[in-house]
Amino acid sequence: MNNYMPTIGIEIHLELKTNAKVFSLSKNNYSSETNQNINEIDLGYPGVLPTFNEGVLRNAIKACLGLNMNITKQMHFDRKNYYYPDLPKGYQITQFDTPIGTNGYIEIMINNETKKIGISDIHIEEDTCKSLHYNGKTLLNYNRSGLPLIEIVSKPDMHTKEEAMAYAEAIRQIMLYLEVSDCKIEEGSMRCDVNISISKDNKLGTRSEIKNIGSISNIGDAIDYEIKRQQEILEKGEKLYEDTRRFDSTTNTTIFMRKKEPNKDYRYFPDLPYLYLEDSLIKEEKQNLIKLPNERKKDYAKKGISNINIEKLITNKDLSDYIEQIKDQTIDYQIASNILVGDIASYLNKENKKITETNLTPEKFIKIVKALQTKEISSKIFKDIIKQILETEENIDKLLESNKQVDSKEEAEKIINKVLETYKDSVNDYKNGKENAIKFLMGMVMKTSKGKINPELAMNILKDNLNKWINTKITEINDNNNKKN
């Protein structure tokens, strides 16, 4: 059974971030009260004249550019005719013969190797209603009807669940960075359909399409189950048929919905006049394109940021955008990334804030990183003053100066001797072989200094002083024994 080669393709539907719907002026806000954002066009009244939203076009162009696609400059929209409960008007306006983008690709990392995944096309379409099942009845929420979508159709270039999951996550990250969609899978603004087939030769097998998978991890679960299901059918000598299925996340199984319909059943025909894109519009969007995740990853690696921190930065676009503003080449970017994805991210999560909503300017940030580099302040001190740094306009130079780390041996000696005098029992415990006593004493040294003492310096002096104390006591004991003899 293990001789079968899976072939996987993914169709990703993304709801676009625009003010209005794709063909009407109704508000693009699915979360509004049920059936509030609708008009005659959304309802498909006879004689209505849909008008294309330029904002949808611009977002679709950005998506094409981000996925290295050829952009179709002369295109039109089609009616896809079918009746389904969530499409009571009987047709969906979409692109069939002339998708806006064709023949693109992205790169993913699998086992530390780069793999290119081809993208067949991107087409623009309208979303359907949302079906709500209540007390044995099905209700329709038209707020979602007519919301702008792009459908990103991969080529069948994936052969493992790991590749499929990495591909879906890469698409999600790119679209988030381009700000064309909020990509909230759990809320339905990003929906994944996975096509899976298996065979023992280089020919494509009979595919099943798994609809509306609700998370990246569920993509892997659906693929696992579907490969196993198809293998078992073929091993029995039975035949597979193309079908459409849904994934049940409670049982991790796929469930039959219907047989696949051929495209001719949809009776596509042109719906709107042809659309002609000018080169100037594409050029404008290209000039405004931001640096995307893969390019940022390469830059961060060159700056010495660890792989763990790179992944954390990339998954938090706000922090990644922030570090992109830091142009100083003299700072240690590993330290910079440590505090960004560590203490700063933790504080922002706790306060439910974005970094742009704080007083941490890039100039302040650079001074803090340099103070940590030169050990003028410790990581402990930084934790203690992080609220002042982020929430107040206090002068950063004065704040750092007043919290400067104690590096003077003379000052450190005073603090340590005070602690040894105060906690004589722990000193005796250390003398008697209890190694944990030194951890307690070190903690008291840091507490007494309010975290300002250099930890490395403090530990060295503490050990020296303890050993001197012990040696002094041993000498005194030996002298007393010699006198008795």
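These figures come from a predicted structure and were not determined experimentally.
Counted by atom type alone, Lys239 and Thr206 present zero donor-acceptor pairs between their side chains at under 3.5 Å. Checking Asn143 against Asn35 by side-chain atom types alone, no donor-acceptor pair falls below 3.5 Å. Donor-acceptor pairing under 3.5 Å is lacking for the side chains of Thr253 and Asp248. Residues Glu311 and Asn307 have side chains that never bring a donor and an acceptor to within less than 3.5 angstrom of each other.
Residue pairs satisfying the side-chain hydrogen bond (donor to acceptor under 3.5 Å, both in side chains) criterion with at least one member in residues 49-59, sequence neighbours excluded, are listed as follows: Glu54-Arg58, Arg58-Glu284, Arg58-Glu285.
When all heavy atoms are compared, the tightest approach of Thr138 to Ser131 is CG2-CB, 4.1 Å. Glu15 and Ser181 get closest at one heavy-atom pair: O-OG, 2.8 Å. Considering every non-hydrogen atom in both Lys312 and Val341, the closest pair reads CB-CG1, 3.8 Å. Contact record, Tyr4 with Pro6: O-CD, 3.5 Å, taken as the closest heavy-atom pair.
A salt bridge is absent between Asp299 and Lys303; no separation between the charged side-chain nitrogens and carboxylate oxygens falls under 4.0 Å. For Arg267 and Asp78, the salt-bridge test fails: no basic side-chain N is under 4.0 Å from an acidic carboxylate O. Using a 4.0 Å cut-off between charged side-chain N and carboxylate O, Glu295 and Lys298 make no salt bridge.
Not less than 6.0 angstrom separates the ring centroid of Phe77 from the ring centroid of Phe96. Aromatic ring centres of Tyr91 and Tyr83 lie farther apart than the 6.0 Å criterion allows.
Heavy-atom contacts from other residues, nucleotides or ligands closer than 6.0 Å to CG of Leu25 number 12 or fewer.
Here the SG atom belonging to Cys129 is positioned 8.0 Å from the CZ atom belonging to Arg144, to the nearest 0.5 angstrom.
A donor-acceptor contact shorter than 3.5 Å is absent between the side chain of Ser320 and the backbone of Asn316.
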